[in-house]
Structures are given as structure tokens and as C-alpha cells.
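Heads up, the thing below is written out as C-alpha cells.
Since the model is a prediction, treat every value here as computed from it, not as a measurement. The chains referred to below are lettered A, B, ... by the order of the sequence lines, with proteins before strands, and numbering in each begins at 1.
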Amino acid sequence: MEFYNTLSKRKETFQPGEPGRVKMYVCGPTTYNYIHLGNARALVVFDTIRRYFLYKGYDVTYVQNFTDIDDKIIKRAQELNEDPVALARRYIEEYYTDADALNVRRADVHPKVSEHIPDIIDMIERLIARGYAYVTGDGNVYFAVRKFPEYGKLSGRSLDEMRSGARVDVDPNKRDPLDFALWKAAKPGEPFWDSPWGRGRPGWHIECSAMSLKYLGTAFDIHGGGADLIFPHHENEIAQSEGATGETFARYWIHNGFITINKEKMSKSLGNIFLVRDLLDHYSPAALRLFLLGTHYRSPLDFDLDAMQAAEKAVIRLKNSLMLLREALEGRAVEEADLEGEDFAGKLEEISSRFEKGMDDDFNTALGLACWFDLAHETNSYLHRSAQPNRSLLERALQLFTDFNGILGVFPEEGGEIVLEERKVGDDLSEKLLELLIEVRQDARKQKNFALADHIRDRLKELGIILEDTPQGVRWRKA
RNA sequence: GGCGGCAUAGCCAAGUGGCUAAGGCGCGGGACUGCAAAUCCUGUAUUCCCCGGUUCAAAUCCGGGUGCCGCCUCCA
């Protein structure tokens, strides 16, 4: 298994620090609003990577933080005249609503900054003691980038290169313009915590260092996040963590690419931020997840409505195939060997190994999806040409459906089985009434009363129920 | 200005030295059907932005060009 490591700038074979275990930390959202498409991509990408490690048999420890103390939160809270900590907590709950909808599994630990202030203070003290940080007269603490010779190793920049591009609004208390805050003194009206340097709050970068080291230790396996975090956030995390511990921080760095909207960057100034919540009003979570995994995670992904509609259709194709497969297993499948199935058996194994090979090569989910569609196609084809399909072959196909979904997470699962809502109506009575209507329509068809039969079918379609007359009888599903 | 990425069919998108250039959406033909739907069969890039080079062999490597984009500032 190999994947691209931002630190070395090439693909590397993965060697876990501890055999059979993967420890990963992913930068989570700052909770001052509902999550947007960009957050969703990172969530889904890293959730999928985690699922793949689990599939490969690793014992995965997955940590994802919430930044619940931050300038943006404070600003938003002041606008809404709300307590910042309460506001952040509210949006953490909203985060779970959206992440759950996207079938993103919960992390093993979801640490919050507000609950780790002592760890952060402790780490800053260590940095000061080791000469990597200094306190200014106004109660701020800064990290001295010049003291860390390897500064820039992740983002591939040197301090001198960056100096020319440095901003003008340099704090005169900083020794170097690129020094960054570890602790910020509280201004009036801002939330604060007591510290050896007075009342204040942590800078943005220190939280991830303190929390990842707390839960995963030094030299943990994978640190992930969006590509925009490479600099300065992750660069600073490395400087702080390696400065404080004298040991390697994270061994592999994985970064997902950005989402653009109609080829433009998604940004507040352009007013084109898409919230997951709003998208889910129009598209299924399955389609959104499939859309996000249809492009390699490091490539830019352009969002547009046509692509989402295509994804929605593609999801239906997978669903239909799974339903056909399950119906055959519940009905006409037989134990006897089937000559038609010889070719199918080989195809299944070929698809399975191609899927795994693709995922082993830098998590190629686009190829994985293609394999899934091949699986659907081969399954449909077999079911089409064989009147009495072989049960064990169908069970193997179903196993692959379950495996692929277990990794890509397109459909929700329960007890290891894919859950489709297609065959459920509100309650028993509705279901019986639907069956009655289907019966009436079948009678009409027998009497060649096609006007009535079509009327029933059309009206049901308006109600979101699609009828299909197949050689095996009438099937129905939700639109 | 510095650093980096990308250019593959109508659209989206895999593939990074050699079998007929994956897959999805769309579109065309056929089968099935009372008609649909679903599904199956089948067609849909003589070619991978342009020019030059390396090689027996390149979409895939090298050089040049053109176009698009990202980061360097809070940001997934």
C-alpha cells in the first residue's frame, strides 16, 4: 500500500509505526457555522481512508478535533450576541447532523480546544523552556521560527523566500514577521483562560499539536487535512511539536485538494459557499458522497449541478443492481452449478483485485467506483442471461457490494448490510394499499384496460413510487 | 515576484512507457414490453492542448510554448 506524502513530495509505501495499527489525526472544522462542501470533501476523503485501513485489517485510532475557540467564533458570537463557547457547542451538534448524513463515521476521539487548555499551556511552557518561544510585554507568546532550522520542510519554502511576501501589518513585538502566536492575550469582552502569561486564549496552531500528541503520542502515522492547511497551519504544527518534544511529529502527511464552484474558488467574498445542509435539500447523501469520491482526492474538484445530477443517476444504477441481486437471492437462485456463471465467477475476482489494487495506490477511489459499476454491470448481465443463477456466485457478488460500500460509504449500513430506503413506505397500511393498487392494475392489464393501468402507474409516480413490469412480476421502488 | 498543480470523448473522470485508452452521465441502434421503466446487447476519443526530442515503443519520459487553477493572508 502506498500513498503520497506531502512531506517527501512523493508516493511512499506505508509502514505503520506499530505493526497492525494506524494512528491518524485529521484537522476538523472551526465550528462557527454549518459545514460547507469543502469541509465535506475533507471529511469524506479521510473517512474513506480510515475505512480502507480498517478493511485492510488495521486497528485504527482516529482523532479529529473541533476548533471551538477562535477569532472567527468570537466575531460571530459578538454579532449574534451569544456566548462564544455556547455558539461553538451548538455548531458542533450541527456538525454531527451533517457528518452523520454523509455517512462519516465518528472519530474515536473528538477533542475540543476548550477542554484542553491545560495541555496547551503545558506545551507552551515547554516551548519557552526549550527556547523556541518568547513572551512579549502585552502577554502574548510567540513561536520563534528562526529557532527551528527545519521550518518550511513541509510546504517547501524557506524563511528567506517567505520574507518578501510577508504582510505589512507586522506586530512590532514579534522578533520575526513569520513568528506566530501560541497564546493571545484577551482583549476586553473576549473569552479568556488564566495562564502564566495572564488571561488569554490559545493561538490557532498549538491546539492540534497539543491534542494530537496527547491522544496519539509522537511520531504517529498520519496527519491529514485540506491542502490549504499545509501552510501555515501544518508547518507551524511541526515546528511546535518537534520543538517541544525533540521528536518526529507525524510520519505521513495527507492533504486533499480544493473544491471549486464553476471553476471559481469557493469563498465568502464570491458568495459561493455551498453548505452541506442546503445541498442535501436537493440531492441525496449517497450522490454527494459518490460525487466527492469520483475524483482523486488530491485533484481539484469542480462542483456543478450537472455533475450532481449525473451522480444521482449513477447512485440509482447501483441501487437497482443491488435490488435485482437481492431479489434473485430471495427468489430464483439455486444451489446447482450454472454454466452461465463460469465467466461471471472470474469477473468477480478480477473486479475485486482491481478495486484493491486501485485503493492500494494512493486511495484511488475513482477507480474503486469504476470497479463497483463494473460489478453492477456484470451482476445485471449474469442475472439477465441466467434463469437460475447460482446462489454462491450471487452471494459473492453481494459480498463485494458490501465490501465496496463499507469502504466508500455511499449507502448507510446496519449490521454489515447496505440499507436502501427504496422498498419502505410509511407504514403497514400504506404498504397494503400500495399492494392493492398494484393488484387492481394487474387485473386491468389482463383485461387490456391500459388506460386505467397507465393512470394508476402515472399517479403513483407523482406520489414518488415507480412501478416496473418485469418478466418476474411487478417491482416497485421509490423515485 | 516565489512555490506547486492541471490540460484525456458532448460533460465528469481513471490511466503515467508496450494487451482493443477504465468507469459514470448524455446521445444513437437493437432486444424485452400493450406502452413505459428497469435491464441486457451494441455504437459513440485512429487518439490523449500545441511543437520538438528520447525510445524498437509515449497520453504516459525530457525541452519549449499556450491555456486554466491553487498556495504564499483566516480558510477543508
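The distance between atom CZ of A/Arg326 and atom C1' of B/U39, rounded to the nearest whole Å, is 18 Å. A/Leu301 places its CG atom 17 Å from the P atom of B/C11, with the value rounded to the nearest Å. In this structure, A/Leu420 places its CG atom 15 Å from C1' of B/A38, rounding to the nearest Å. A straight line from NZ of A/Lys357 to C1' of B/A22 spans 12 Å, rounded to a whole angstrom. Rounded to whole Å, atom P of B/C72 lies 14 Å from atom CG of A/Leu154.
In terms of the side chain to side chain donor-acceptor pair (under 3.5 Å) criterion, residue partners of A/Trp183 (sequence neighbours excluded) are, by chain and number, A/Ser195. Remark: A/Asp228 pairs with no residue by the salt bridge (charged side-chain N to carboxylate O under 4.0 Å, His left out) rule, at least two apart or across chains. Take A/Glu340 and apply the salt bridge (charged side-chain N to carboxylate O under 4.0 Å, His left out) test, not counting sequence neighbours, and it matches A/Arg385. A/Asp374 is linked by a side chain to side chain donor-acceptor pair (under 3.5 Å) to A/Arg354, counting only residues two or more places apart in sequence or in another chain.
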Report, one line per pair, each donor and acceptor closer than 3.5 Å where one atom sits in a side chain of residues 400-408 of chain A; sequence neighbours left out.
from	atom 1	to	atom 2	distance (Å)
A/Thr402	OG1	A/Leu398	O	2.8
A/Asp403	OD1	A/Gln399	NE2	2.9

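Spacing between B/A36 and B/G30 at atom P, rounded to whole Å, works out to 12 Å. For the C1' atom pair drawn from B/C19 and B/U60, the interatomic distance equals 16 Å after rounding to whole Å. The gap from the C1' atom of B/A21 to that of B/A14 amounts to 10 Å, rounded to the nearest Å. Taking the P atoms as reference points, B/G70 lies 33 Å from B/U47, given to the whole Å. Here the separation of B/C49 from B/C69, taken at their C1' atoms, is 15 Å to the nearest Å. Taking atom C1' in both B/G26 and B/A58, one finds a spacing of 31 Å when rounded to whole Å. Nucleotides B/A45 and B/G65 have their C1' atoms positioned 24 Å apart, rounded to a whole Å. B/G24 and B/A38 are spaced 15 Å apart, taking the P atom of each and rounding to whole Å.
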Grab the N/O contacts between the protein and nucleotides 14-16 of chain B below 3.5 Å, and write none if there aren't any.
from	atom 1	to	atom 2	distance (Å)
B/A14	OP1	A/His296	N	2.7
B/A14	O3'	A/Asn364	ND2	2.9
B/G15	OP1	A/Asn364	ND2	2.9

For nucleotides 41-44 of chain B, list the nitrogen or oxygen atoms of the protein found under 3.5 Å from its nitrogen or oxygen atoms, one pair per line.
from	atom 1	to	atom 2	distance (Å)
B/C41	OP1	A/Ser381	OG	3.2
B/C41	OP2	A/His377	NE2	2.7

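Under a cut-off of 6.0 angstrom, the local environment of CD in A/Glu2 is crowded, with over 12 non-hydrogen atoms contributed by other residues, nucleotides or ligands. Taking a 6.0 Å sphere around CZ of A/Arg396, one finds it holds more than 12 heavy atoms contributed by other residues, nucleotides or ligands.
Dashed line: the shortest gap from a side-chain N or O of A/Lys313 to OP1 or OP2 of B/G26 is under 4.0 Å. One finds no side-chain N or O of A/Trp372 lying less than 4.0 angstrom from the OP1 or OP2 phosphate oxygen of B/G24. Within the structure, a side-chain polar atom (N or O) of A/Arg317 is placed less than 4.0 Å from OP1 or OP2 of B/C40.
Among the heavy atoms of the strands lying under 4.0 Å from A/Lys265 is at least one base atom, whether or not backbone atoms are also near. Using a 4.0 Å heavy-atom distance criterion, A/Arg457 is classed as a base contact. Counting any heavy atom pair closer than 4.0 Å across all strands shown, A/Leu383 reaches no nucleic acid atom. Residue contacts for A/Ala310: at a heavy-atom cut-off of 4.0 Å it reaches the sugar-phosphate backbone alone, with no base atom in range. Contacts of A/Phe258 with the nucleic acid, taken as non-hydrogen atoms under 4.0 Å apart, include base atoms. Using a 4.0 Å heavy-atom distance criterion, A/Asp374 is classed as a sugar-phosphate-only contact. Using a 4.0 Å heavy-atom criterion, one finds that A/Asp454 contacts the bases of the nucleic acid, with or without backbone contacts as well. Looking at heavy-atom distances under 4.0 Å, A/Arg76 makes no contact with the nucleic acid at all. Within 4.0 Å of A/Ala314, counting heavy atoms only, lie sugar-phosphate atoms of the nucleic acid but no base atom.
The salt bridge (Lys or Arg N to Asp or Glu O under 4.0 Å) pairs that include a residue from residues 298-309 of chain A are A/Arg298-A/Asp362, where partners are two or more places apart or lie in different chains. For residues 302-331 of chain A, the pairs satisfying ring-ring contact (aromatic ring centres under 6.0 Å, His included) are A/Phe274-A/Phe303, A/Phe291-A/Phe303, with sequence neighbours left out. The salt bridge (Lys or Arg N to Asp or Glu O under 4.0 Å) contacts involving residues 444-454 of chain A comprise A/Arg445-A/Asp469, A/Asp454-A/Arg457, where partners must be two or more places apart or lie in separate chains.
The stretch residues 29-43 of chain A comes close to RNA chain B through A/Thr30, A/His36, A/Gly38, A/Asn39, A/Ala42, each having a heavy atom under 4.0 Å from the strand.
Helical stems in RNA chain B, defined as runs of 3 or more consecutive Watson-Crick or G-U wobble pairs with donor-acceptor distances under 3.5 Å: B:1-7 with B:66-72, B:10-12 with B:23-25, B:26-31 with B:39-44, B:49-53 with B:61-65.
Mapped onto RNA chain B by nearest heavy atom, A/Leu467 and A/Gly225 fall at different nucleotides, with A/Leu467 at the one closer to the 5' end.
Both the sub-6.0 Å distance and the 45° axial angle are satisfied by A/Arg50 relative to the ring of A/Tyr62. Both the sub-6.0 Å distance and the 45° axial angle are not jointly satisfied by A/Arg175 relative to the ring of A/Tyr142.
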